[in-house]
Structure formats: structure tokens, C-alpha cells
**Q** 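What follows is a structure written as C-alpha cells; I'll ask about it next.
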Amino acid sequence: MDQGAVVLVTGGSSGIGQAAARQLARKGCRVAVNYRENEQGAAQTVAACESAGGEAFAIRGDVADDSRCRAMADEVEARWGRLDGLVNNAGTTRFHDPFDLDGLTADDFASSYAVNVTGAFQMARAAAPAMRRAGGGAIVNVSSFAAAIGAGSSIAYTASKGAVNTLTLCLARVLAPEIRVNCVAPTLTDTRWNRDGLGDERYETVLAGFVASAPLKQKIVADDVADAIVWLVTSARLVTGEIVPISAGTHLG
């Protein structure tokens with residue numbers, strides 16, 4: 001991808017999205033930082049991108065709202081004259097004991113799918129015309145290793161990430177050859193999102209268990225996932241339709 005390429009990162013106000021935006025800016029990309037509620041975090045991401053030598057601006061919008069997805073893509077293209085990349089990182093969950101089936105509601109599934117799956121589809125659909133006008137582009141969806149093992153923050157979340165994997169394959173077929181579509185599937189990642197969801201004490205226990213069982217004996221941080229995202233966006237010109245696990249080797253079983 002050329003210097004000065006334009007990339008829209010959804011859910012860019014913290015965690016993996018923030019790390020991806022910063023790394024893209026370091027590569028010379030211009031970055032649109034999407035957020036839904038965390039305006040302060042988005043501003044911090046913009047500042048980090050600028051400190052890394054790139055241009056950036058924050059753009060508010062809920063990816064579950066199709067009209068807002070289309071408006072965001074239009075706004076980015078109007079500002080910089082092109083759109084070359086999309087990182088579908090926005091996500092939601094409600095941490096819930098998977099053994100408590102009665103505690104999970106239809107609304108939990110609906111909200112997970114609206115953001116994690118439908119939102120990713122709507123953003124891809126909104127961005128594709130601008131990418132084609134720019135001569136091509138790349139989309140990276142952020143899934144989860146939970147989809148491969150049937151375990152995660154909730155059954156609704158895990159099922160939605162399985163759908164994201166399938167969505168990636170579908171979009172890779174229909175948007176080729178102009179647009180590449182890939183997916184990263186990180187396992188437990190050391191972010192505030194996970195710490196807040198599990199609580200600090202339980203999180204430390206879970207993290208210690210993960211590190212002990214992982215072949216590489218290391219925890220995963222947001223920048224580790226961002227490394228793969230940036231490669232798939234900017235460099236992997238012959239890679240499409242792939243689901244890349246970021247797991248410190250836990251995918252080996």
C-alpha cells in the first residue's frame with residue numbers, strides 16, 4: 001500500500017483498534033479513528049497517530065447503524081480523496097457464564113450480532129465503492145479465537161465471532177479481485193476491555209493460566225494483534241480469505 005494510504009479503523013478509541021491505528025500511522029497511513037462513545041479515547045488515539053508521524057481524525061458513529069456507516073465512508077473519502085483500507089475492530093459483548101444458559105437473552109444475541117457481524121458487513125459494503133475508486137483496497141475483520149474453540153466471554157459473543165469468520169470468506173470472494181478481505185483471530189489479549197469484563201483478580205488468574213498453557217509462554221498484547229492487522233492491510237498483496245490466529249501457539253491444542 002502506498003505512503004499516504006487512507007485507512008478507517010472502527011472501534012479505534014482503545015485496545016486493539018488504538019494499537020492498529022497508531023501502527024498504521026507509523027507506516028505513513030492517514031487514519032480515520034471511529035468511536036461510538038469514548039470520545040476521550042479517540043482523541044488520545046488521534047494524538048498517538050500524530051506523534052507517530054501520521055495524519056488522523058476522529059469520527060463518531062455506531063457501526064450497527066447502516067446510514068452512519070455509509071456516511072463515515074463518504075466523510076473519509078471527502079476529507080482525503082480516497083479510502084484504501086478498513087479495519088473492522090468495533091465489537092461488543094456481555095461477559096456471562098456460558099454454563100448459565102437461562103441467563104442469556106435474545107437481546108444479548110441481537111446486540112452482539114448487530115455490532116460484531118452486521119456492523120462489519122455494513123462497513124465493508126459502505127467502504128467498497130470508495131476502495132474501488134482508489135484502485136483497490138484491503139479489509140481486515142477482527143474476530144476471536146473463541147470462535148474456533150467454542151469458549152469466550154459469552155456464547156452470544158462466541159457465536160457472533162464464528163459468523164465474522166464466515167463473513168470474511170464471503171466478502172473475500174465477492175470483493176475480489178480489487179479488494180482483499182482477511183481476518184485476525186486473537187485469543188485472550190491483555191486489554192482494559194478484558195480486565196473490566198472479568199474483574200482484575202479473576203483476569204490475572206485467567207491470564208496466568210493462559211500463559212502457562214500456551215506453547216510460547218507469553219501473554220498477547222494489543223500491539224501483537226495490531227502487527228498482523230497492519231501486515232494484512234498494507235503488505236499482504238496475495239493474501240485474501242484467511243483467518244489468522246494470534247494465539248501464542250494455543251491453536252496447536
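The structure presented is a predicted model; accordingly, all values stated were derived computationally and were not measured.
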**Q** Using atom types as modelled and distance alone, determine if a side-chain donor or acceptor of R180 lies under 3.5 Å from a backbone N or O of L232.
**A**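 Here the side-chain-to-backbone pair exists.
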**Q** Which pair of non-hydrogen atoms, one from V9 and one from G17, has the smallest distance, and what is that distance?
**A**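 Taking V9 first and G17 second, the nearest heavy atoms are CG1-O, 3.7 Å.
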**Q** Tell me, do F57 and E75 make a side-chain contact under 4.5 Å, heavy atoms counted?
**A**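 Yes, side chains in contact.
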**Q** What heavy-atom pair brings S13 and V33 nearest, and what distance separates the two atoms?
**A**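 Shortest heavy-atom contact: N-CG1, 4.4 Å.
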**Q** Return yes if some donor-acceptor pair links the side-chain N/O of S67 with the main-chain N/O of D65 below 3.5 Å, else return no.
**A**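 No, because the side chain of S67 does not come within donor-acceptor range (under 3.5 Å) of the backbone of D65.
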**Q** So for atom CD, which belongs to E39, do other residues, nucleotides or ligands contribute more than 12 heavy atoms lying within a distance under 6.0 Å?
**A**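 Open: at most 12 neighbouring heavy atoms sit under 6.0 Å from CD of E39.
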**Q** Is any side-chain heavy atom of Y203 closer than 4.5 Å to one of D196?
**A**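 Answer no - side chains too far apart.
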**Q** Using a 3.5 Å distance criterion without hydrogens, assess whether the side chain of D84 forms a donor-acceptor pair with backbone atoms of V6.
**A**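 Yes, the answer is positive, given that a donor and an acceptor are paired below the 3.5 Å cut-off.
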**Q** Roughly how far, to the nearest 0.5 Å, is the OG atom of S213 from the CG atom of L252?
**A**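 If we round to the nearest 0.5 Å, L252:CG and S213:OG are 11.5 Å apart.
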**Q** Look up atom CZ in F210 and atom OG1 in T205, then write down how far apart they are to the nearest 0.5 Å.
**A**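 Result: 15.0 Å between the selected atoms.
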**Q** For R68 and D62, what are the C-alpha separation, side-chain angles and deciding distance, and is it a salt bridge (charged side-chain N to carboxylate O under 4.0 Å, His left out)?
**A** CA-CA 7 Å; R68 190 67 194 118; D62 184 349; over 6 Å; no
**Q** Donor-acceptor check, side chain of S154 to backbone of Y157, threshold 3.5 angstrom: yes or no?
**A**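 Yes; at least one donor-acceptor contact below 3.5 Å.
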**Q** Start with the C-alpha distance between Q40 and N38, add both sets of side-chain angles, then the distance that settles side-chain contact (heavy atoms from CB on, under 4.5 Å), and finish with yes or no.
**A** CA-CA 5 Å; Q40 182 179 4; N38 188 2; 4.1 Å; yes
**Q** Check the surroundings of atom CZ in R173: do more than 12 heavy atoms from other residues, nucleotides or ligands lie under 6.0 Å from it?
**A**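 Open.
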**Q** Any donor-acceptor pair under 3.5 Å linking the side-chain atoms of S153 with those of T93?
**A**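 There is such a pair (donor and acceptor under 3.5 Å, judged by atom type) between the side chains of T93 and S153.
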**Q** Look up atom CD1 in I229 and atom CG in N89, then write down how far apart they are to the nearest 0.5 Å.
**A**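 Those atoms lie 6.0 Å apart.
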**Q** Considering only heavy atoms from C-beta outward, does the side chain of V244 approach that of N182 to under 4.5 Å?
**A**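 No, too far: nothing below the 4.5 Å cut-off.
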**Q** Only one of L83, V31, V7, N34 clears side chain to side chain contact (heavy atoms under 4.5 Å, CB included) with V76; which?
**A**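 Exactly one pass, corresponding to L83.
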**Q** If you draw a 6.0 Å radius around CZ in R192, do more than 12 non-hydrogen atoms from other residues or ligands fall strictly inside?
**A**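 Enclosed.
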**Q** Between Q122 (side chain) and V63 (backbone), is there a donor-acceptor pair under 3.5 Å?
**A**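 Yes.
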**Q** Under 3.5 Å, side chain of K219 to main-chain N/O of T189, donor-acceptor pair present?
**A**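 No, K219 side chain to T189 backbone: no donor-acceptor pair under 3.5 Å.
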**Q** Is there a side-chain contact between H96 and D100, using heavy atoms and a 4.5 Å cut-off?
**A**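 The answer is yes, as the side chains (C-beta and beyond) meet within the 4.5 Å cut-off.
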**Q** When you measure from the side chain of R36 to the backbone N and O of G61, does any donor-acceptor pair fall under 3.5 Å?
**A**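 Looks like no, no N/O pair under 3.5 Å.
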**Q** Counting only N and O atoms by type, is there a donor-acceptor contact under 3.5 Å from the side chain of N116 to the main-chain atoms of S112?
**A**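 A pair under 3.5 Å: yes.
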**Q** Is any side-chain heavy atom of D223 closer than 4.5 Å to a side-chain heavy atom of R22?
**A**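 A side-chain contact under 4.5 Å exists here.
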**Q** Going through the distances and angles, do C183 and N165 end up as a side-chain contact (heavy atoms from CB on, under 4.5 Å)?
**A** CA-CA 7 Å; C183 183; N165 292 351; 3.7 Å; yes
**Q** Taking T240 for its side chain and V181 for its backbone only, find out whether a donor-acceptor pair lies under 3.5 Å.
**A**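 It does hold such a pair.
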**Q** Looking only at heavy atoms, what is the nearest atom pair of A56 and V46, with distance?
**A**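 Taking every non-hydrogen atom into account, O-CG1, 3.7 Å.
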**Q** Is the backbone of A146 close enough, under 3.5 Å, to the side chain of T158 for a donor and an acceptor to pair up by distance?
**A**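 Absent.
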**Q** Evaluate side-chain contact (heavy atoms from CB on, under 4.5 Å) for R30 paired with R82, printing each intermediate quantity in order.
**A** CA-CA 10 Å; R30 293 171 286 179; R82 60 189 300 143; 3.8 Å; yes
**Q** Could you report the tightest heavy-atom contact between T191 and G15, atom names first, then the distance?
**A**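 Closest pair (atom of T191, atom of G15, distance): CG2-CA, 4.3 Å.
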